Amino acid sequence: MFMGEYTHAIDAKGRIILPADFRQELGVTFIITKGFDKCLFLYGQQAWEELAGKLRALPISRPEARAVNRFFFSGARTLECDKQGRFLIPANLRNHAQIALKQDVILTGVDNRIEVWSKDNWNAYSGEVEPEVTAIAATLADLGI
């Protein structure tokens with residue numbers, strides 16, 4: 001399980017340090033893809049295979065199923081960290097998440113995935129959601145939470 005929030009700077013080549021707390025669980029190779037809310041998702045191999053299996057099971061005849069499959073698979077790349085614990089965020093994914101070179105990024109652990117955010121997008125998102133968490137939690141009561 002991934003938990004926590006870390007701030008790191010992306011370097012001039014588009015590399016970022018993966019926090020040591022995340023490295024072991026993520027594994028040697030991992031998947032990066034477009035995420036929701038203008039962030040990126042990192043999955044370990046097993047979590048990615050579970051998600052990919054669910055996506056493959058969606059009926060291709062449904063336009064929304066095709067859209068979600070395209071969204072996740074078109075941006076997906078297999079990565080690994082270098083000896084310094086850095087990984088390269090491809091330019092198309094940096095563009096999706098509005099991450100500029102030499103900028104601070106936020107890495108957050110979210111159960112079975114890690115999210116990578118530009119610091120500005122994370123602060124804007126947090127500022128919108130945090131005041132509403134109590135109301136959001138009340139609506140999730142119907143789901144057994």
Side-chain angles (χ1 to χ4, degrees), residues 1-133 135-137 139-140 143 145:
M1 176 187 305
F2 298 106
M3 301 183 297
E5 179 181 318
Y6 302 85
T7 302
H8 287 281
I10 191 165
D11 69 16
K13 294 181 181 180
R15 299 172 301 191
I16 184 169
I17 293 173
L18 184 64
D21 290 351
F22 290 160
R23 282 185 216 147
Q24 185 172 357
E25 181 150 351
L26 197 58
V28 175
T29 61
F30 51 92
I31 308 300
I32 189 169
T33 193
K34 292 182 275 187
F36 301 126
D37 305 313
K38 295 183 182 171
C39 75
L40 303 174
F41 291 167
L42 296 179
Y43 289 98
Q45 291 290 337
Q46 182 177 348
W48 175 254
E49 287 302 323
E50 290 170 9
L51 174 62
K54 291 175 183 178
L55 292 171
R56 279 187 215 104
L58 296 173
I60 197 168
S61 59
R62 307 245 345 231
E64 59 272 17
R66 293 191 305 271
V68 169
N69 270 283
R70 288 177 185 130
F71 180 80
F72 282 114
F73 287 109
S74 70
R77 298 275 302 272
T78 300
L79 300 177
E80 59 184 64
C81 289
D82 64 14
K83 292 179 182 178
Q84 287 79 37
R86 301 172 300 189
F87 65 93
L88 176 69
I89 300 177
N92 64 316
L93 296 178
R94 288 195 314 265
N95 289 337
H96 169 77
Q98 300 174 332
I99 295 172
L101 298 176
K102 298 182 181 180
Q103 168 188 351
D104 281 345
V105 296
I106 308 296
L107 293 99
T108 61
V110 187
D111 188 27
N112 70 338
R113 72 178 180 275
I114 299 164
E115 295 182 350
V116 182
W117 294 77
S118 75
K119 188 173 182 180
D120 291 341
N121 285 352
W122 175 250
N123 289 339
Y125 175 80
S126 296
E128 291 173 14
V129 172
E130 285 183 14
E132 302 298 323
V133 166
I136 293 168
T139 65
L140 296 178
L143 299 175
I145 295 177

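Numbering starts at 1 and runs along the sequence shown. This is a predicted model, so every value here is computed, not measured.
You'll find the side chain of D37 stays beyond 4.5 Å of the side chain of E115, heavy atoms only. Taking 4.5 Å as the limit, some side-chain heavy atom of L107 sits within range of a side-chain heavy atom of I16. Inter-residue side-chain proximity for Q45 and T78 is flagged as met; some heavy-atom pair is nearer than 4.5 Å. Taking 4.5 Å as the limit, every side-chain heavy atom of L51 sits out of range of all side-chain heavy atoms of I31.
Side chain of T139 to main chain of I136: a donor-acceptor pair is present (N/O by atom type, distance under 3.5 Å, no hydrogens or angles). A donor-acceptor pair under 3.5 Å links the side-chain atoms of N121 to the main chain of A97, judged by distance alone. Between the side chain of H96 and the backbone N or O of G35 there is at least one donor-acceptor pair closer than 3.5 Å.
From M3, atom CE reaches atom CD of E25 across 9.0 Å, with rounding to the nearest 0.5 Å. A distance of 4.5 Å separates CG of L42 from CZ of F87, quoted to the nearest 0.5 Å. Rounding to the nearest 0.5 Å places NZ of K54 at 13.5 Å from CG of N69. We find the CZ-CD1 distance between R23 and I114 to be 10.5 Å, quoted to the nearest 0.5 Å. The CZ atom of R77 lies 7.5 Å from the CG atom of L88; values are rounded to the nearest 0.5 Å. Within the model, atoms CD of Q103 and CG of D120 stand 6.0 Å from one another, a figure rounded to the nearest 0.5 Å.
Listed here is the closest heavy atom pair of K34 and S74: NZ-OG, 3.2 Å. Residues S126 and P131 come closest through the heavy atom pair O-CD, 4.0 Å. Summarising the geometry of L58 relative to A65, their closest heavy-atom pair is CB-CB, 3.7 Å, with the distance given to 0.1 Å. Closest heavy-atom contact between L40 and L93: CD2-O, 3.4 Å. Of all heavy-atom pairs spanning N112 and A47, the tightest one is O-CB, 3.7 Å.
A ring-ring contact (aromatic ring centres under 6.0 Å, His included) with W48 is found for one member of F30, F73, F41, F72 and no other, namely F73.
The local environment of CD in Q84 is crowded, with over 12 non-hydrogen atoms from other residues, nucleotides or ligands closer than 6.0 Å. Remark: E64 CD is packed, more than 12 non-hydrogen atoms of other residues, nucleotides or ligands lying under 6.0 Å away. Enclosure of atom CZ in R66 by more than 12 non-hydrogen atoms of other residues, nucleotides or ligands within 6.0 angstrom is indicated.
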Between L26 and F2, is a side-chain contact (heavy atoms from CB on, under 4.5 Å) present by the stated rule, with each step listed? CA-CA 9 Å; L26 197 58; F2 298 106; 3.8 Å; yes

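Between the side chains of S118 and K38, no donor N or O sits under 3.5 Å from an acceptor N or O.
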